[in-house]
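All values reported here derive from a predicted model rather than from experimental measurement.
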Amino acid sequence: MQLFPTQLLQSALSALLFSLVIIPLIRRVAIKTGWTDKPNHRKLHHQPIPVMGGIAISLSSFMAILLGGDINNILTTTGPILAGGVILLIIGAADDRLDINAGYKLIIQLLCAYTLVRSGICIDYGYGLFGVYHLPDFIQIPLTLVAVTGVVNAFNLMDGIDGLLGGLALMGSVVFGILFYRYGAYTHSLLLLTLAGGMAGFLRYNLSATHKIFLGDAGALFMGFVLTGSGLLLMQTAQKSDLTDPGLVALIVIAVFLLPVLDSLRVYYHRMRQGHSPFRADRSHLHHLLLKAGLRHRHASLTIHFTELFIIAIMLALYPRLSTTQTLLSGMLSFALFIQVIIIICRMLGWQKRLLEWEKETE
Amino acid sequence: MEKQTKIAVIGTVGLPANYGGFETLTAHLVKNLGMRYDMHVYCSGRRYPKKERKSYFEQAKLIYLPFDANGKQSILYDSLSILHALFYADVLLILGVAGAWLLPLVRIFTNKKIIISIDGIEWKRDKWNMLAKMYLWWAESIAVKYSHLDISDNESIQDYTARRYGTISRIIEYGADHTTPIKPCPYDYKTYPFLHQPYAFTVCRIEPENNLHLILEAFCSLPKHPLVIVGNWHNSEYGKKLRQRYACHSHITLLDPIYDQQALDLLRSNALVYIHGHSAGGTNPSLVEAMYLGLPVIAFNVSYNRTTTEGKAIYFDQSDDLRKHIEETSLPCLKKLGHTMYGIAARRYTWNRISEKYDQLFQEAIQAKTKQRIAPDVQDLEVEKLREYEAAHLLYQHLFYQKKS
């Protein structure tokens, strides 16, 4: 069904308005029913904060789409992506309240990823990355499963400071939403852009000091899954059409997830090198490092957002001149350089603190 | 005649000395060791206009480079000096870490001996921006790792390098016996009327980390205790603001920089007490000079000042402490403190002693191969092997910088 840009914009704006209105109500419900995130020694907030952000965003998007009068179409076209997302939303919400075993969550994530694959959305082409073009069938399924669960979890791990995940998800939804529109997949575009609208409304409260609300596991898993699924579908759509170079689209999709994925891999690697489990809880993610380096929450979020945009920009700039693999590698290199600088600054500040202590010591 | 070892002194503003501690140090090294070693000193052409340039200072040859020795150009200045020195010198004495990036290459491609003095702990000083701090942080690590010997001017800095790099710095401080007590003549009383009464004195660069605001705040409420401070007030916003705020008090005299050694000695030696507000930079030349002049010292309470004065001076943390000390310390107590300070300075901070130490250092450098670590080599052995010989306890050493509690 043909949708015009103005209609898409209208729906996005109505989603925004819905979320601005609903969230205060949802906050109160969440606080009353105990759906809040309680602080502990490792977390960065000091009071219990309601965690129904994900539900708020999906509700706003739903209502905006209802208004546009096209629910049936959405459900059929984006079925697998939406279904998986909603299942994870429910599981995530249950986890926010009751603390579910990580193993169960993983299994459900794999099942949702599997439904995605069975409905045809999977990684079926190599796009020339590392010399791979054709992917044999028996690789596609496990690869997709690993990729989807990996990216969804990496995304989830980024939910550490205010505005961080919200901003990344917003960027991703807008980029994908616009690209889907270019390829004529209007319903997908509608879904993503309304989610973006809901996300923008959510961010206003996420960053507020008085009416704060968190995305929660529900929201992080939901947005992560929807974005990953949409990203995969986008890559496939680009491949089938001959509008633009599919390699470019693939790179853009990868670029959106590059920062969270590389950061998680880096953290897993360092934990294992020290002999611990990769899932050990510590404060070594990028946003933790930036906070250690002295930035405030908002500045740290913005720094990460700008770095992500910067990496995307670098990759877009280099793509015409270099091969697909080389562009990807340059993106990864930029990330590595960025992390290295941050780590050096943290080390320096650590020594400075220690020196101040020693200077004041008397025997 | 035996071939003399050629030593290149790099990183100072130049000779004749009229800038700071490094320059005075170089001047005395040249005076005392110029006969034993063939010394070459690099000077900043910016500071010595062509007409006044000399090609020799005592026994040392002077080489001029058209760059500033401090600030942004210091990297270029030091680097070019190092490269030039590689052509003739046997030992490079480098003061400051700006040119440290070249040292790995020097070690790999030449067999010149490198002695580097890392100054204070430069990278943590607030006067630098983040980029400069990162460069100095890295340069310091390169300097310590790739030099044959590194010099700290204070034990507290030696503790720091031991903790961070696991190696031992040599401690060589500064001399102070180029200062002399001077009795004022009638003309002096006219120029400096405060000489009629006892006064407290400080001379330093006007920077926040020298805590002038604390000193001025304390003396502000002590109208019966005159204070005289010599420094570069108009060089910074901090200085200008302080001068504006405090110059109106009649008992506080804020003077512009005095470069004449005699005039400075005159003002210093006739003071009743010396206030030292420095919070960084290791052993400060101004402090040891005050000690040598027999002045009782009230210093900012920081490890560097405590080590310089061997813990025997009076220390303050806040302006309230300083005010209390000024009000309550008796004259006999101050006199006794002055003697103690002089005793320490006469023992440790004379140019003869310092030059001797440098002489020994040069001799050691000529024969040095690699830098010694503070952990004994036995710690490289496997635990099981050590256990076999019942020597596993050797892995756990109480090192000198760990204070016994």
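Under the salt bridge (Lys or Arg N to Asp or Glu O under 4.0 Å) rule, A:Asp162 has a single partner from A:Lys212, A:Arg296, A:Arg298, A:Arg204, which is A:Lys212.
The side chain to side chain donor-acceptor pair (under 3.5 Å) test applied to B:Ser152 returns B:Ser169, not counting sequence neighbours. In this view, A:Pro260 and A:Ala154, A:Phe155, A:Met158, A:Leu168, A:Glu308 satisfy the side-chain contact (heavy atoms from CB on, under 4.5 Å) rule, not counting sequence neighbours. Under the rule for a side-chain contact (heavy atoms from CB on, under 4.5 Å), B:His339 has no partner lying at least two apart in sequence or in another chain.
Around the NZ atom of B:Lys336, the shell of radius 6.0 Å holds no more than 12 heavy atoms that belong to other residues, nucleotides or ligands.
Proximity to chain B (any heavy atom under 4.5 Å) is shown, for A:Arg347, by both the backbone and the side chain. Heavy atoms of B:Tyr315 lying under 4.5 Å from chain A are absent altogether. Looking at A:Leu355, the atoms closer than 4.5 Å to chain B (heavy atoms on both sides) all sit in the side chain, from C-beta outward. Using a 4.5 Å cut-off between heavy atoms, B:Trp123 contacts chain A through its side chain alone, with no backbone atom that close.
Of all residues in residues 329-344 of chain A, those placing a non-hydrogen atom less than 4.5 angstrom from a non-hydrogen atom of chain B are A:Val341, A:Ile344.
Cation-pi contact between A:Arg354 and A:Trp351: present, with separation from the ring centre below 6.0 Å and deviation from the ring axis of at most 45°.
Using a 4.0 Å cut-off between charged nitrogen and carboxylate oxygen, B:Glu207 and B:Arg205 do not count as a salt-bridge pair.
Between B:Phe316 and B:Phe300, the angle of the ring planes goes over 60°, which puts this pair in the perpendicular group of the 30/60° scheme.
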